[in-house]
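What you see is a predicted model; the values in this text were computed from it and never measured.
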Amino acid sequence: MHKWLKSCMIVGCLTWLVIGLSLDANAAKREIVYLTAKSDLPFWNTLGKGVKEVAEANGYIYREMDSNLNGATQLQNAKNAIAQGVAGIVISPTDSKSAPEVLDVASKAGIPVVIADIGTNGGDYVTYVKSDNYRGAYDIGAELAIAFKEKGWSAEPYAMVTISLARKNGQDRTNGFRDAMKDAGMTKDVGVKQMVNYSADETFQYVKEILGATPNLRGLFIETDQPVSGALQALKVEKKTGDVLIVSFDAMPEVAELLKGGTLIAVGMQQPYLMGNKAAEALMGALHGAPQAKQVLVPILVATNKNIAQLLPVANKTVFGHESK
């Protein structure tokens, strides 16, 4: 083979390698990553669908990375995404304490970040999209207080199974509910159990423990959706079904039947699909250099057996993501 031919072949290979690397880099810069706290929980799954819709509509590749409720995994996912040169990140942090580390590495790399739900104790970010957790929980507490009064209960005890109180949204839900009950004159709060793995089995055990300590319990606030089934099972096992009124936050697809049948008194329905849309829209705006509001507040839909039929047409998309792609 002539030397000039070999040289051309080498130059050609190098040229194609450079082009290939350039294409890979450009593809990465057209990618949006959603760092989800735990992908198999319905709330975050639906929020991701909302991010995906807007990202793809704007010509971006969408990718989801699961932190699995582990701060170290979350940080490594963020580092991997940044190393790959993504355009931007939407994050639902594992808790408010772990978020600043992610925000710090993204800020140093010049990658814009939007926070969707949960919040952060510090750090630089574009926008924080959050539910009005305090107001929603307050309204739920008010509904439970009304149900107490309808039964002639005034000094009966109630308890809470909360999401992590290391999260700002957990603090807001707990404080909002407590304030509503106090404002209604219901002051016998017998305590809190904090979720760790957010499973039905965990809440089943917590509710059994609460009932063991307080056999005359009359009310429960379960602060997220999937664990509600564990609470219901515990009440059934302890033969307390109907004796303890339940309100909850977030919404399972079967929420309408649970409300209509009186199993649940009220549900604060966050709108995760809408939150995902809003988060991705803020990120798109930031990528185009447009100033963004530091906080976007998404209202809670408070559902009862009286209004669930009217709320469902909206909730089917914004709460459950049923019409998502």
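The side chain to side chain donor-acceptor pair (under 3.5 Å) contacts involving residues 61-76 comprise Glu31-Arg63, Ser39-Asp66, Tyr62-Glu64, Arg63-Gln84, Asn70-Thr73, Gln74-Ser98, Gln76-Asn80, where partners must be two or more places apart or lie in separate chains. The stretch residues 278-302 participates, sequence neighbours left out, in no side chain to side chain donor-acceptor pair (under 3.5 Å) pair at all.
Considering only residues two or more places apart in sequence or on other chains, Asp139 meets the salt bridge (charged side-chain N to carboxylate O under 4.0 Å, His left out) condition with Arg135.
In this structure, a donor-acceptor pair under 3.5 Å is absent between the side chains of Thr304 and Glu143. Judged purely by distance below 3.5 Å, without hydrogens or angles, the side chains of Asn277 and Glu53 pair a donor atom with an acceptor atom. If you check the side chains of Tyr138 and Asp183, you find a donor sitting under 3.5 Å from an acceptor. Between the side chains of Asp117 and Ser92, no donor-acceptor pair of N or O atoms lies under 3.5 Å. Asn197 and Ser199 are linked by a side-chain donor-acceptor pair at a separation below 3.5 angstrom, with hydrogens and angles left out of the test.
Between the CD atom of Gln171 and the OG atom of Ser164 there is a distance of 8.5 Å, given to the nearest 0.5 Å. The distance from the OG1 atom of Thr241 to the CG atom of Leu232 is 7.5 Å, given to the nearest 0.5 Å. Rounding to the nearest 0.5 Å places CG of Leu217 at 9.5 Å from CG of Leu245. Expressed to the nearest 0.5 Å, how far CD1 of Ile111 lies from NZ of Lys108 amounts to 14.5 Å. Residue Leu235 holds its CG atom at 6.0 Å from CG of Leu220, rounded to the nearest 0.5 Å. Of the inter-residue distances, the one linking Asp172 atom CG with Asn133 atom CG reads 5.5 Å to the nearest 0.5 angstrom.
Heavy atoms only, all atoms of each residue included: Ser154 and Met186 are closest at O-SD, 3.4 Å.
The backbone N or O of Gly170 lies less than 3.5 Å from a partner atom in the side chain of Thr174, making a donor-acceptor pair. Judged purely by atom type and a 3.5 angstrom limit, Arg30 has no side-chain atom pairing as donor or acceptor with the backbone of Val86.
For Phe177 and Tyr134, the ring centers sit 6.0 Å or farther from each other.
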- Task: Given side-chain contact (heavy atoms from CB on, under 4.5 Å), test Phe148 with Arg218 step by step and report yes or no.
- Result: CA-CA 8 Å; Phe148 267 38; Arg218 289 299 192 184; 3.8 Å; yes
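Taking the charged nitrogens against the carboxylate oxygens, Lys130 and Asp132 have no contact shorter than 4.0 Å, which rules out a salt bridge. Using a cut-off of 4.0 Å between Lys/Arg side-chain N and Asp/Glu carboxylate O, Lys188 and Glu156 are scored as not salt-bridged.
Linking Ile, Leu, Val, Met, Phe, Trp and Tyr residues whenever their side-chain heavy atoms come within less than 4.5 Å leaves Tyr198 and Phe249 in two separate clusters.
Aromatic ring pairs are classed by plane angle as parallel below 30°, tilted from 30° to 60° and perpendicular above 60°; the pair His322 and Phe320 is parallel.
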